[in-house]
Structures are given as structure tokens and as C-alpha cells.
Visitor: 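Attaching a single structure in C-alpha cells format; questions to follow.
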Amino acid sequence: MSRPLPYHIYFFSGLLTCWISCTSSANKCTGRHEARDCSHLKLTQIPDELPTKITVWNLTHNQLRRLPAANFSRYSQLTILDGDFNFISKLEPGLCQSLPWWEILNLQHNEISQLSDKTFIFCMNLTELHLMSNTIQKNQNDPFKNLKDLIKLDLSHNGLSFSKLGNQLQLENLQELLLSNNKIFSLTPEALDFLGNFSLKRIELSSNQIKEFSPGGFHALGKLFGLSLNKAQLSPRLTEKLCLELSNTSIENLSLSSNQLDTINPPTFDGLKQTNLPTLDLSRNSLRVMGKDSFARLPHLEYLSLEYNNIEHLSSRSFYGPSSLRHLNLRRSFTRQSISLTSLPKIHDFSFQWLKRLEYLNMEDNNFPGIKRNTFTGLGRLQINLSNSFSSLRTFTNETFLSLASSPLLLLNLPKNKISKIQSGAFSWLGHLEVLDLGLNEIGQELTGQEWGGQDNIVEIYLSYNKYPELSTNSFTSVPSLQRRMLRRVALRNVDSSPSPFHPLPNLVILDLSNNNIPNKNDELKGLEKLEILDLQHNNSARLWKHANPGAPVLFPKGLSRLHILNLESNGFDEIPVEAFKDLRELSIDFGINNLYILPLSVFDNQVSRKSSLQKNLKTSVEKTVFGLPFRNPSYDMRFNPFDCTCESIAWFVNWINSTHTNISELSNHYRCNTPPQYHGSPVLLFDVSPCKDSAPFELLFMINTNILLIFIFIVLLIHFEGWRISFYWNVSVHRVLGFKETDKAEQFEYAAYKIHAYKDRDWVWKHFSPMEEEDHTLRFCLEERDFEAGVLELEAIVHSIRRSRKIIFVGTQNLWKDPLCKRFKVHHAVQQAIEQNLDSIISIFLEEIPDYKLNHALCLRRGMFKSHCINWPVQKERGNAFHHKKVALGSRNSVH
Ligand SMILES: *[C@@H]1O[C@H](CO)[C@@H](O)[C@H](O)[C@H]1NC(C)=O
Ligand SMILES: *[C@@H]1O[C@H](CO)[C@@H](O)[C@H](O)[C@H]1NC(C)=O
Ligand SMILES: *[C@@H]1O[C@H](CO)[C@@H](O)[C@H](O)[C@H]1NC(C)=O
Ligand SMILES: *[C@@H]1O[C@H](CO)[C@@H](O)[C@H](O)[C@H]1NC(C)=O
Ligand SMILES: *[C@@H]1O[C@H](CO)[C@@H](O)[C@H](O)[C@H]1NC(C)=O
Ligand SMILES: *[C@@H]1O[C@H](CO)[C@@H](O)[C@H](O)[C@H]1NC(C)=O
Ligand SMILES: *[C@@H]1O[C@H](CO)[C@@H](O)[C@H](O)[C@H]1NC(C)=O
Ligand SMILES: *[C@@H]1O[C@H](CO)[C@@H](O)[C@H](O)[C@H]1NC(C)=O
Ligand SMILES: *[C@@H]1O[C@H](CO)[C@@H](O)[C@H](O)[C@H]1NC(C)=O
């Protein structure tokens, strides 16, 4: 038994899905300020959570079916709305009322099939309307009537069968009308009437299969400037008709590319004789025959393109007429399929004689057999591109360029022509030449210097990608004006001839010697003081700087004081000498793809504000010491290095980026950690620097710990060696503090001193102390034998006597600690007495030399306990007196110190 869920659950779940889908899609819109990009979000409804002040809104590639005016009313500031690639089939007139500032509407690739009179009635401020790739087929009304400001109207790729877009004059500001790829078959006089006499920059009618130009088709367009009719299947006859129709316009740019114009004759362009047409594009027409005087009616022509055609030959009158021509494009204009040599394209002598004003002649990618004596005769000051132009011209002789002798040729491009030999004097006719490009040929001869000569203005000779040209000392003696010399990948030989082949080139600014496998750069760069750019990549130069090599390091950039770009990529460098770039301040160096791992500390210190590259090396760290200075300005490119993401290697770098907010390109993609394993492959920026910051407190803790440990060890040692002293004085102090004050009443003491001595020493004691008693009658020692009361227990008597003696005298001999009574009992009591009464109360007399440790060992006594009243029994006579003086001590008070 299942019961339907209550309504409110449906309601809330519906609300929830709506809320999720609405917010999530709108939240995915990107962009800042007044622009929002909501493309590719599968939107079916207009989001209404965006800021109301947006002006540019991109809604392309969604699933919108309508643009409801109400939904746009909150975005009234909108000026650009891009709704390409949706399913919109209808536009509401109210939309323009909601958007008063609207200027550009893109609705390409939608499903609009109908435009009514009302569709754009309120869109007065619209300037661009893009309706390409919809399905608009017919139009009987005046939908664009109110678009007074419209500049560009794109209706291409619709199904329009004729171009009539209105019944009355309108679109007075239109400049571009795009109607290509429609189904327009004929242009009737009424078709373009609605455009009136307004000036129109361009009408695009390409890819329409126009069969007919009715008389007066362009009649209304007094000021038409550009017309494109590419891919319109125009035959020569139809072209002729078109030109007639254009005769009363002010056409300036006519493009007839990719038609079927296989022949042109003087009548073809006859209709244009009253115009001032400067630009004509006839490319890709399979043009085979170019009759005499075909362009004779176009004296104002300046730019003519004939590229990608099939012209069989040029005669001396082919270009008769357009004497203003400045730019002639003959790239791949001639037959290429040559069955025999006779069917190769022919350029007859004097073909270009009329083009006195030509500035640029492009003859790339052709198949000419050669250059004849008068091929180029008559040309003026120009540039000629003859790249890949010859099929069988292998050698430049002293006559090849004879026809250019009187033309001030400035630039000559001759690459990809399989040239293998240059005879001496080949370019001697070209005295004005500035740039000569001979790259990508097969020149393999020894360059003696005879090849050039006569080119006083030459600036650049490009010789890169040839086959083994051999240099000698004089190779360039005749061209001292040279500033750019390109010798890339030519497997150079003899560069090390002395003096160097480059020594006659004091003006050299750029020198490209890359890809040559020439490591020796000791002398050859000497004297090139103006050199600014030096390319040495791919030259296997690592050994020049490897300090283990004999003669290394060779500091080849030294002295090139103007150098500011040095390319050392892919040379296998793993060492850089500290001095390498010492005097070169403004240098930017490309060290990419080498094996650098460690850099000398100060190697970049001199460099200021230039961008250098260290990409694809073996750097694992970015050290402050090396990069601290240069990183302040434009940074080093260090992409693709195997960074070690640890505090020591990378923390400074990560902190530096974060604190300076420097914009390093591709930081998140190409700066990645290699080690340690947990960071492998992740961007350097994600390295967590927080543990590194804690290392400072750790250091402090470490220091404190060490100190505590040291103090502890000190205390242990102190206790071990001086512990007795501490405990002894501790006891003394305690007694004093607790009030065991001295009770110094002479009456209390029966004896001046109690003597502790071994039984065996009693004779010595008797002998030395009784005389003292006799001398001074107040003095009375406690002598056991004499003074102990009979009947009293000996131990009791000892304690009693010690109590009643002011002082205690030890008589220290070896015998003392052999006597058990003394050793344990008497000494203990004496020390107790000393602690309780006073430190002064013990006097010790050592009759023998007894070391302290023995004393301690045997009696737990130390000399230090007795303060100063310690007498070593005089070994010498004179010290006997001292002893007698010391007896004074016996009478002294037991003072508290
Ligand atoms: C909208 O985005 C598409 C790509 O999604 C882009 O091609 C188009 O130029 C953008 N339109 C505008 C007006 O920026
Ligand atoms: C926007 O359109 C949706 C459906 O298309 C509608 O539910 C909503 O009310 C509209 N918003 C406004 C503000 O008109
Ligand atoms: C068109 O723009 C102008 C300012 O350029 C403005 O004054 C006018 O109101 C706008 N037109 C419409 C129909 O909103
Ligand atoms: C177009 O304007 C020119 C002058 O600018 C005038 O001579 C010509 O008659 C006008 N043509 C039409 C169809 O109005
Ligand atoms: C061009 O204008 C002239 C007179 O201005 C007129 O005789 C001629 O018929 C016009 N040509 C065409 C094709 O409209
Ligand atoms: C002629 O028109 C074409 C487009 O149809 C344009 O690309 C070209 O730049 C124009 N040339 C000149 C000289 O205006
Ligand atoms: C070209 O050089 C040859 C000798 O190599 C010489 O006989 C001939 O006269 C030169 N031609 C010209 C035009 O200087
Ligand atoms: C001219 O020749 C050079 C080769 O030297 C080539 O790169 C360039 O594209 C050619 N064409 C033009 C129009 O400059
Ligand atoms: C970057 O600096 C900001 C403060 O400027 C700080 O909040 C943030 O945590 C730092 N990020 C890293 C990765 O250090």
C-alpha cells in the first residue's frame, strides 16, 4: 500500500531543485566588473542573480529558447548581449525597451526564421546586428526600418533568396552588409534600393550563385566602396557584366577571388574605366590566359593579387596600363605541372617594364627555369621575393641579376632555391641592396669574399641553413657595413682561422652562429664592439666553462660591452664561471635546456632588469643569495625545473611570490615540485610554507634545551666533586638559621681544646701540648689520660669532653684512621660540634702529608671544613714558630662569619 507523498513535499523539493539549479548555474558565470561570461552552462533560463549594473553579457552556447523581455528588465545597463549558439526562435519587441543602451546583439547560430516589422522597432541605438546562420528565408516587410544607427548587419548563412530587405529608404548609417552564403541568384534594380545613396564600405555577396546582374542593380549605390564576390562562380562573361554595372559607383576594393575567371582580356574590366579602382583581387581563379593590355583600363590600380592561378606566360604587354601599381602578388601564379621544360611558365623579356612604381614584387613558390637578361628590366626601387621560385637555377653567375642593374633593389629574398654556387661578382649589380637572404639553399663553397662586393649599403646577409659554407679570413672583407649576419645551422668550418672571418665587421649588431657545433670562441668575437645580439644555442660549448678542462674557463662574452641578448640554449652547460658576465650589465641570457644545478652566488649580481631564462635545467632550489637581486625586476624564467619543495630550497621563493605578488607567467602550470614524493607534480605555489616559519621558535627551544642540559651536567659535576662542601655548609647554615647561636661563655668551656688523636700518637701530644699549658696557665687541654673521670663510660666521657671544649684539635696522622674509635665516633662528634657551634671550632694539625682524598675516604673529613685553622706540622724549623702563633687561635672566639 503506497500513499502519495503530501503536496508540500513536492513543492519544497521542486523549490529546492530550482534553487540549486538556478543559483549553481548563475554562480558559475565568470567575469568581473561590468562583464559576465555565462557561456557553456546549459542554461535554459535567464539568470536573475547577476549584478544589475553589468553591461556585457555572454550567454553563448546555452539552451535558451527565448529572451523574455521581463527577465532582462533588471539588467537595463546592458550594451552588448552575445546569445550565439542557442535555440532562440523569436525575439520580443519589448526586449529593446528593457535595454535602452543596447548596441550590439549577437544571435548567430540560432533558429530565427521570421523578422517582423515590430521585432526591432524599439532598437534605435543598435549599431551591430549579427544574425548569421539562422533560417531567415523571406522578408517582405521593413524590419530594420528604425535601426538608424546600425553600422553592421550580418545576414550571411541564411536562406535569403534575394537581397531586398526593405521597401523604403533606411539604414542610413550602414557601412557593412554581409549577405554571403545565401541563395541570391540575381541582383535586380530594386534589390538594393532601400540602401539609397548612403555610403557603404562593403557589401559581401560571396558564395551566392549569382547568375544575372540586371541592368541598374547597383544603380542606387552611388557610394559603394567595397564589393566582395568571392566563390560566386563568375565566368569571364558575367565578370564583364558586373564591371559594367559598377561603372557609375565609387568602388575602391573589388574582390573576385575563387571564381571561374580562366581568361582575362581588355573588355573584361572595360566597365571600370570610369572608376578609380585601386585594389583588385583575382586570386584562385585558375586564370590561365592573361591577354595583352588586360589591365589597360585600370590606370589607378595600386594593389593587384594574382596568386594561386595557372598563368602560362607573361608577355611584354601583360602589365601595360597600371602604371601606379605598387604591390604585385604573383605568388604561385604560374603553371606548376611541367611535363617538359617547354611547358614551364615563361616570363618574356620586359614583362615588368611598365611597372615603374612597383615597390614590392612577390614571386614566391613558382617554377621558373631562370632569369633572363631583361626579365626585370625597367623596374624601379623595390623589394623582390623570389623564395622557392626556381626549378633548375643552381648557380648565380655574374649575369643572373643583370636585368636589375638599373633598378635600385633594396631587398632580395632567394631562399629555398637549391642554389649551390655563387660565382664571384654575382651580386655586383645590386649596389643598393640592403638585405640579401640566401638561407635554406645548398651553398657549400669556400666564401672568399669575391661573392659580395659593390653592396656598399648591405646590412644583412642571411646564410643560415646552407651546406658547409667554408669561411676564411677574407670572407666578409668587402662588406664592412654588415650589421646582421645569420649563419645558423650551416655546419661552419674554419671559423677559427686567424684573424677571424668576423674581424672586418666592426658594425656587426647581430651574429647568429647557432646550431653549428663550434665550441671554440676564443678570438673570433674580438673587436665586435657593437654586437648586441649573439646566438650560440646548440653549439656544444659546455667544455668552454668546465673548469676541469685545460684552458677553461674561456670568458667569451668578455669585452662585448653592448651585448644585451645572449642565447646559450642547449649547450650542455653545467657550470658558469663567476666572472662570466662581469661587465655586461644589460644582458638577458637564455640558458634554457642546459644542465645547470648550482649557480655561483654572485653570477647575476651585475645584471639589471632584463629577462633571462633558466628553463629546463636541473635547478632544484631558488636561492635568495643568487636570485634575490634580479628577481626584484623582470623575473627569471625557471619553468620546467625539478624543484625540491622543502623549506631550505623553495620556501624563500614561495614567500617572495606571495609577498610581492609578482606575475610570473605559467607559474601554476610549469613550476612544479619534483621532490619530496608527497609534493611530486604539484605546483610550487601550493607548497605549504607554514612549517618553515615555525623553525625560528624551534631554534630558540633548541638553544634553551642545550643550555638546560649544560647546566644540568655542570650541577652533576659540581655535586660530585663539591657536594660534600655544599651539604656541609648547608647544614651549617641550617643550624645558624634555626638559631643555634654561639654560646660563647668562657665559663661554659672547661677546656680550651679537645684533642682527637690516635692512641699511638699520645706521646707526641703529651710532649707538645703540656708545655703549652705550663707556659700559659689559663690554657687547659683535655687530655684523655689525665682528665677523664674514672668510672664514667669512655664514650660518654668523650661526648662530654667534646661538649666542654671550645675547640677541637685533630692530630692528623696515618694512625688516626687506623684507630676505630677515633675514626667513627670522635670525628663524627667533632664534626657535629663544628656544625652546631661554629666552623672555627676545629683545628687540625697534620703531622704527615695526607692527601685530601685519603682524609675524605677514611674519615669523611675534608680540609675545606676547617677553614683556615689547619696546620701542617712544620717540616722546616722556621715553621715551628708559626705553630706557636697559631695557638692564639685556640683562644679566639668562635665567631660567626
Ligand atoms: C562569448 O564567449 C565565447 C566563448 O565562449 C567567445 O567566443 C565570444 O567571443 C564571447 N563573446 C563576447 C561578446 O565576449
Ligand atoms: C524569468 O523567467 C522565468 C521563466 O522563464 C520566470 O519564472 C521568471 O519569473 C522570470 N523573471 C522575471 C524577473 O521576470
Ligand atoms: C540611445 O542612446 C542615447 C545616448 O546615446 C540616449 O539618450 C537614448 O535614450 C537612447 N535611445 C533609446 C531608444 O533609449
Ligand atoms: C546620389 O547622390 C549623388 C550626389 O551625391 C547624386 O548625384 C545622385 O543622383 C544620387 N543618386 C540617387 C539615386 O539618389
Ligand atoms: C552611368 O552614368 C551615365 C551618366 O552619368 C549613364 O549614361 C550610364 O547609363 C550609367 N551607367 C549605368 C550602368 O548605369
Ligand atoms: C578590400 O576588401 C577586403 C575584404 O573584402 C579586405 O580584406 C581588404 O583589406 C580590402 N583592401 C583594401 C585596400 O581596403
Ligand atoms: C662574367 O665573368 C666572365 C669571366 O668569368 C667574363 O668573361 C664576363 O665578361 C663577365 N660578364 C659580365 C657581364 O661582366
Ligand atoms: C618572402 O620571402 C620570405 C623568405 O625570405 C618569406 O618568409 C616571406 O613570407 C615571403 N613573402 C612575403 C609576402 O613577404
Ligand atoms: C600569502 O600572504 C597572505 C597575506 O599577504 C597570507 O594571508 C597567506 O597565507 C599567504 N600565503 C602563503 C601561501 O604564504
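Residue numbers start at 1 and run along the sequence shown. Read the numbers this way: they start at 1 and go in the same order the structure lists the ligands and their atoms.
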Visitor: If you round to the nearest 0.5 Å, how far is CG of N285 from CG of L306?
Guide: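 These two atoms lie 9.0 Å from each other.
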
Visitor: Looking only at heavy atoms, which two atoms of L224 and I203 are closest? And how far apart?
Guide: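 The answer is CD1-CG1, 3.7 Å.
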
Visitor: Indicate yes or no: does K152 engage E128 in a salt bridge with an N to O separation below 4.0 Å.
Guide: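 Salt bridge absent between K152 and E128.
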
Visitor: Tell me the closest heavy-atom pair linking K53 and E34, and the distance in Å.
Guide: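 For K53 versus E34, the nearest heavy atoms are O-CG, 3.4 Å.
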
Visitor: To check you understand the geometry: which heavy-atom pair defines the closest contact between F427 and Q455, and what is its length?
Guide: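 For F427 versus Q455, the nearest heavy atoms are O-NE2, 2.6 Å.
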
Visitor: Taking only heavy atoms of T279 into account, list the atoms of ligand 6 that are under 4.0 Å away from them.
Guide: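 So the answer, numbered in order with elements, is 13 (C).
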
Visitor: Which one holds for Q423 and ligand 7: side chain close, backbone close, both close, or neither close, with close meaning a heavy atom under 4.0 Å?
Guide: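 None of Q423 does.
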
Visitor: Any salt bridge linking E92 with R66? Criterion: basic side-chain nitrogen under 4.0 Å from a carboxylate oxygen.
Guide: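 Between R66 and E92 there is a salt bridge, with a charged N closer than 4.0 Å to a carboxylate O.
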
Visitor: If you count the atoms of ligand 7 from 1 in the order shown, which ones are under 4.0 Å from a heavy atom of N398?
Guide: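 Going through ligand 7 atom by atom, the ones under 4.0 Å from N398 are 1 (C), 2 (O), 3 (C), 8 (C), 10 (C), 11 (N), 12 (C), 14 (O).
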
Visitor: Do you know which two heavy atoms are closest between D84 and Q108, and how far apart they sit?
Guide: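 So the two residues come closest at OD1-N, 2.9 Å.
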
Visitor: Would you mind writing out a table of all protein N or O atoms found under 3.5 Å from any N or O atom of ligand 1, naming both atoms and giving the distance to 0.1 Å?
Guide:
residue  : atom   : partner : partner atom : Å
ligand 1 : 2 (O)  : N58     : OD1          : 3.4
ligand 1 : 2 (O)  : N58     : ND2          : 2.3
ligand 1 : 5 (O)  : S39     : OG           : 3.3
ligand 1 : 11 (N) : N58     : ND2          : 2.9
ligand 1 : 11 (N) : D82     : OD2          : 2.7

Visitor: Between ligand 6 and E204, is the shortest N or O to N or O distance under 3.5 Å?
Guide: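 No - when backbone and side-chain N and O of E204 are compared with those of ligand 6, no distance drops under 3.5 Å.
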
Visitor: At a 4.0 Å threshold, what atoms of ligand 6 neighbour a non-hydrogen atom of R202?
Guide: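 Close to R202: 5 (O).
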
Visitor: Return the CD to CD1 distance between E240 and I264, rounded to the nearest 0.5 Å.
Guide: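 Taking CD in E240 and CD1 in I264, the distance rounds to 12.0 Å.
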
Visitor: On a heavy-atom basis, which atom in Q274 and which in N248 lie closest, and how many Å separate them?
Guide: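 The answer is OE1-OD1, 3.8 Å.
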
Visitor: Run the contact test for S228 against ligand 6 with a 4.0 Å cut-off on heavy atoms, strictly below, and give the result.
Guide: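 A heavy atom of S228 does come that close to ligand 6.
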
